[in-house]
Number of protein chains: 2
Amino acid sequence: MDPTPPRNNAVTVADVARMAGVSKATAARVLGGYGTVSDRVREAVTLAARNLNYRPNELARSMTTGRSGTIGVVVGDIENPFFSLAVRGITDIARQAGFTVILTNSGENTETEKAAIRALLAKRVDGLIVSPAMESDVDHLEEAIRSGCPMVLLDRGSRTLGVDTVVADDGHAAEDITRRLIAGGHRRIAYLTACDTPDHRFRLPSDISTGSVRRRIEGFLRACHEAGLSGMEDWVRLGALTPAETQRIVTAMLTDKHAPTAIIASDSVIGLDVFKICRDRGIDIPRDLSLVSFHDADWTSVTTPPVTVVRQPVYQLGEKAAKLLVERLNGNGGPASRVVLKTELVERASVADIPAEQMSEARQEKV
Amino acid sequence: MDPTPPRNNAVTVADVARMAGVSKATAARVLGGYGTVSDRVREAVTLAARNLNYRPNELARSMTTGRSGTIGVVVGDIENPFFSLAVRGITDIARQAGFTVILTNSGENTETEKAAIRALLAKRVDGLIVSPAMESDVDHLEEAIRSGCPMVLLDRGSRTLGVDTVVADDGHAAEDITRRLIAGGHRRIAYLTACDTPDHRFRLPSDISTGSVRRRIEGFLRACHEAGLSGMEDWVRLGALTPAETQRIVTAMLTDKHAPTAIIASDSVIGLDVFKICRDRGIDIPRDLSLVSFHDADWTSVTTPPVTVVRQPVYQLGEKAAKLLVERLNGNGGPASRVVLKTELVERASVADIPAEQMSEARQEKV
DNA sequence: TTGAAAGCGATACCAC
DNA sequence: GTGGTATCGCTTTCAA
């Protein structure tokens, strides 16, 4: 027994082959688990590998096979519970299918996203799962696809890119909750999102480059229009990128003569910020203000009052995206599919109807 | 097993060289940004590369250089806000230093952790950042280090492994908060963690294999001992791995004749579960029960009452770990350092003192 | 079943 | 400066 452990792990198939007294090719066959080898040789090679503490070099393997066993994921912000959960769904499926995941943050910035895609492509990932920061700027994605890298879009789609897409039913979700608010007598309903436009003002849904948010705003406006409410575009507020920005926007709205009676938060991070601001300003939810948030984050059920939310199947969103990608990677062709996962309105206690007398008052103001 | 998907982007340095009318070596020099080339040639090669839409193959590059430009990260659970935030700190620093990050989940399971390390090593990561699931079982980590892969331990240390370590001051934090509770008259203080032992019972801190949790429990017991409280080991409750398990444990405690007057939750996920259980059971925090949680998660400030927490510099924990690793990767040697980041007790409103009459009663029960 | 040798796509050393 | 060429560790024909 030679107890001297190999210092540098520069053990290669050649070393193992030499020790086992076979050719490099044969050793590689048993080590790589391909081809056919006699049991005797297999044993000898396995033993030698163990003795030498052989570690396969995936890089070299990838070089020849062309597959890296890696999936690249680009999300807006891992810190956002929405993405953490989706990423969890992705990695669970990926690992199950024998892939590892390289995770990158775009910070919802297209330039960073481009750099990330480039780096991922350079690392020769087998496939890509992306939440595009901007639907309007997807040249880098298109190029990645053209170069032969399968891609699945997560949470945000693209009409021009013909790729597999997994999104939630955001439009209908927004429509439902808006209808619900209107039925409760609300007329001044604000929709608050982190998305932004150059001049920070909202005019048309097409100005919104984040697909999921655009679909929600469209749903919001659809419900408003259906109820005969006009000019609701003014209630779509953009740029809630940071707690400070959110505070500025919400405070401005709340101190205005025409303060909203309800706020729809586009994600749970903003929802939490709004909740904090209300608490700090002594605004009673839902008496003074109704609040609805997208994403059923863990904390929403535990506040006073608990928050009414749109529950998206976030983990499943990630799972489904990974499954679609793995299928493609396994050679299953076919046309690009668009999967739309159902959402669910979870009514808790942060929404209240507007009393009748205030309703007429509200109507007067509208006129 | 399946045929390699066709990558039409098979443009190599050779192709670029041919088009630019130079040798492979020269083209590689400008493409790789090393060596010296004349401006005229540089221009020609750059142009050819752009025309051909050349993409460097990082895999091939890594093969020869021996560096992959990749850092492997193994955490317990990305979904846990603690890790999401730490990972954010890691990736920010890594990207800044030109590294990409491969993220893997151990699920706090040593076997999964071993597999992850193996896969990461096979992918030839330049370095590793790990939150070991078990301090007692680190052979795979030791081997990784021996094979020459720099490693930084995050949140959890190891006495046997002589590597850079970044942890929070968990022991003192637990000591402080325990002391604070005892000063407020609490005697029946439960410490609740997801960590577990084979028989689900706690005897000695050394039974706890998760370093950070062990240090916290040690701090808890230290403060108890200091105050003359004995037998507090019985108040350390293990196995709060899932909401259901947590519910079982907490309900059992709360319905016991000797119910705790305070609970210390070992992380924000458990803290939230405890909060939910109390709300469901109509237990008034802090009147009926005081609650303290580790990790200043975003929701803790917004509940009623807001939760007193131990604030750890989680993002900085990740940052520091990544910085240490990058330094090692840049060749800066030196002995392994152990960085301990300060925590802060954020007193909110989930802790109340025990009224004098109940205190004596509690003492009696103790006797 | 096994072995010899040709790549994969880049880097690096060494002449010129 | 520039061009040839060995090399990295593995997979993969093609013969034997």
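Predicted model only: the values in this text are computed from it and were never measured.
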If you measure only the distance, is there a donor-acceptor pair under 3.5 Å linking the side chains of B:Ser131 and B:Asp155? no

Spacing between A:Arg55 atom CZ and D:dC10 atom P, to the nearest angstrom: 13 Å

Donor-acceptor check, side chain of B:Ser68 to backbone of B:Gly66, threshold 3.5 angstrom: yes or no? no

Earlier contact from the 5' end, DNA chain C, for B:Leu59 and B:Ala25: B:Leu59

Hey, does the side chain of B:Thr26 reach the backbone of B:Val22 with a donor-acceptor pair shorter than 3.5 angstrom? no

Give a yes or no on whether the backbone of A:Ser158 and the side-chain of A:Thr165 come within a donor-acceptor separation of less than 3.5 Å. no

Any side-chain to backbone donor/acceptor pair from B:Asp137 onto B:Thr110? Under 3.5 Å, distance only. no

In terms of side-chain heavy atoms, does B:Thr91 have a donor or acceptor partner in A:Asn105 at a distance below 3.5 Å? no

Mind listing the residues from residues 35-43 of chain B sitting with a heavy atom below 4.0 Å of DNA chain D? Number order is fine. B:Thr36, B:Val37, B:Ser38, B:Val41

Can you tell me how far P of D:dC10 sits from CZ of A:Arg61, to the nearest Å? 8 Å

Whole-Å distance between D:dC10 C1' and A:Lys24 NZ? 7 Å

For A:Arg67 and D:dT12, what is the distance between atoms CZ and C1' respectively, to the nearest whole Å? 16 Å

Can you check the A:Tyr34 OH to D:dC10 C1' distance for me, whole Å? 7 Å

Walk me through it: do B:Asp164 and B:Arg338 pass the test salt bridge (Lys or Arg N to Asp or Glu O under 4.0 Å)? CA-CA 6 Å; B:Asp164 291 320; B:Arg338 182 187 175 85; over 6 Å; no

Check every nucleotide of DNA chain C for an atom under 4.0 Å from a heavy-atom of chain B, then give the first and the last such nucleotide from 5' to 3'. C:dG9 to C:dC13

With a 4.0 Å cut-off, would you call B:Arg156 and B:Glu108 a salt bridge? yes

For B:Ser23 and B:Met63, take the nucleotide of DNA chain D holding the closest heavy atom to each; which residue's nucleotide lies nearer the 5' end? B:Ser23

